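Remarks on the structure that follows.
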Amino acid sequence: MTKWLNSLQPVGALFMRLILGSSMAFHGYQKVVPAGALHHHAHYVVTLGLPYWLGYVSAFTEFLGGILLIVGLLTRLAAALVAINMLTAFVTVGIHQGFGIYNYILALAALAIMLLFYGAGALALDRKIGFA
């Protein structure tokens, strides 16, 4: 049974990348693409006591990092940035919003940390072009 499960590790890494990447890209898209959304998000970040420019970093980390995770390109870098982003979101927002929100934020952070340590897996562009 263990051999069979070990043989499915590339599929598990693919699922982790797709779930985390699609969630991050979806939320990042809402902060980057609509008119005025990026500016609005940056102002929201200021209300949390963080610098204005971190709003831009956060939004683009979610959007572009999510896309990179989906395709499996620069996976460890994208996962590290997403993990930092999610842990910052947990400390500044999540712990004040209740279990439903911080549970989700921590789950995303855990997926990002797992991908940071494990890598993209065999079914990723990183592996195909030699980054893994």
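This structure is a prediction, so every number in the text was calculated from the model and none was measured.
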- Query: Quick one: do Tyr104 and Met86 end up in the same hydrophobic cluster if we chain Ile, Leu, Val, Met, Phe, Trp and Tyr together by side-chain heavy atoms under 4.5 Å apart?
  - Reply: yes
- Nearest non-hydrogen partners of Gly65 and Ala78, listed with the distance: O-CB, 3.9 Å
- Do Phe63 and His27 pass the ring-ring contact (aromatic ring centres under 6.0 Å, His included) test, and can you show the C-alpha distance, the side-chain angles, and the key distance before you say yes or no? CA-CA 7 Å; Phe63 185 54; His27 290 289; over 10 Å; no
- Item | Spatial distance of atom CG (Leu77) from atom CG (Leu68) [nearest 0.5 Å] | 8.0 Å
- Query: Leu108 versus Val82: any side-chain heavy-atom pair under 4.5 Å?
  - Reply: no
- Query: So, does Ser22 use its side chain to make a donor-acceptor pair with the main chain of Leu18 at under 3.5 Å?
  - Reply: yes
- Query: Would you call Phe60 and Leu38 a side-chain contact if the rule is heavy atoms closer than 4.5 Å?
  - Reply: yes
- Item | Check against side-chain contact (heavy atoms from CB on, under 4.5 Å), Glu62 and Gln30 | CA-CA 10 Å; Glu62 289 182 20; Gln30 294 174 337; over 6 Å; no
- Query: Rounded to the nearest 0.5 Å, how far apart are CD1 of Ile67 and CG of Leu73?
  - Reply: 11.5 Å
- Message: Has Thr88 got a side-chain atom pairing as donor or acceptor with Ile84's backbone, closer than 3.5 angstrom?
- Response: yes
- Is there a path from Val91 to Leu106 through hydrophobic residues (I, L, V, M, F, W, Y) whose side chains come within less than 4.5 Å of each other? yes
- Task: Report the distance from atom CZ of Phe90 to atom CG of Asn103, rounding to the nearest 0.5 Å.
- Result: 10.0 Å
- Give the ring-plane orientation class for His41 versus Tyr44, where under 30° counts as parallel, over 60° as perpendicular and anything between as tilted. tilted
- Message: Nearest 0.5 Å, please: how far is CE in Met16 from OH in Tyr118?
- Response: 7.0 Å
- Task: Would you check, one step at a time, whether the test side-chain contact (heavy atoms from CB on, under 4.5 Å) holds for Tyr52 with His43?
- Result: CA-CA 6 Å; Tyr52 183 82; His43 279 289; 3.9 Å; yes
- Item | Point-to-point distance, once rounded to the nearest 0.5 Å, from CG of Leu111 to CG of Leu20 | 5.5 Å
- Query: Are Val32 and Val46 in one and the same hydrophobic cluster, where Ile, Leu, Val, Met, Phe, Trp and Tyr link if side-chain heavy atoms are under 4.5 Å apart?
  - Reply: yes
- Say whether Met114 and Ile105 are linked into one hydrophobic cluster, either directly or through other cluster members, by side-chain heavy-atom distances under 4.5 angstrom. yes
- Got more than 12 heavy atoms from elsewhere within 6.0 Å of OH, Tyr29? no
- Distance from Leu64 atom CG to Leu74 atom CG, nearest 0.5 Å? 11.5 Å
- Donor-acceptor contact present, side-chain Arg17 to main-chain Leu115, <3.5 Å: no
- Query: Taking it one step at a time, do Thr61 and Asn85 satisfy side-chain hydrogen bond (donor to acceptor under 3.5 Å, both in side chains)?
  - Reply: CA-CA 8 Å; Thr61 294; Asn85 192 39; 5.6 Å; no
- Message: Show the nearest heavy-atom pair for residues Leu116 and Ala80, with the distance to one decimal.
- Response: CD1-CB, 3.9 Å
- Note on the structure: Residues Gly55 and Val45: closest non-hydrogen pair is CA-CG2, 3.6 Å
- Note on the structure: Between Ala109 and Ala83, the two heavy atoms sitting closest are O-CB, 4.5 Å
- Query: For Ala120, does its backbone N or O pair with a side-chain atom of Asp126 as donor and acceptor, under 3.5 Å?
  - Reply: no
- Query: Does Trp4 offer a backbone N or O that forms a donor-acceptor pair with the side chain of Ser7 under 3.5 Å?
  - Reply: yes
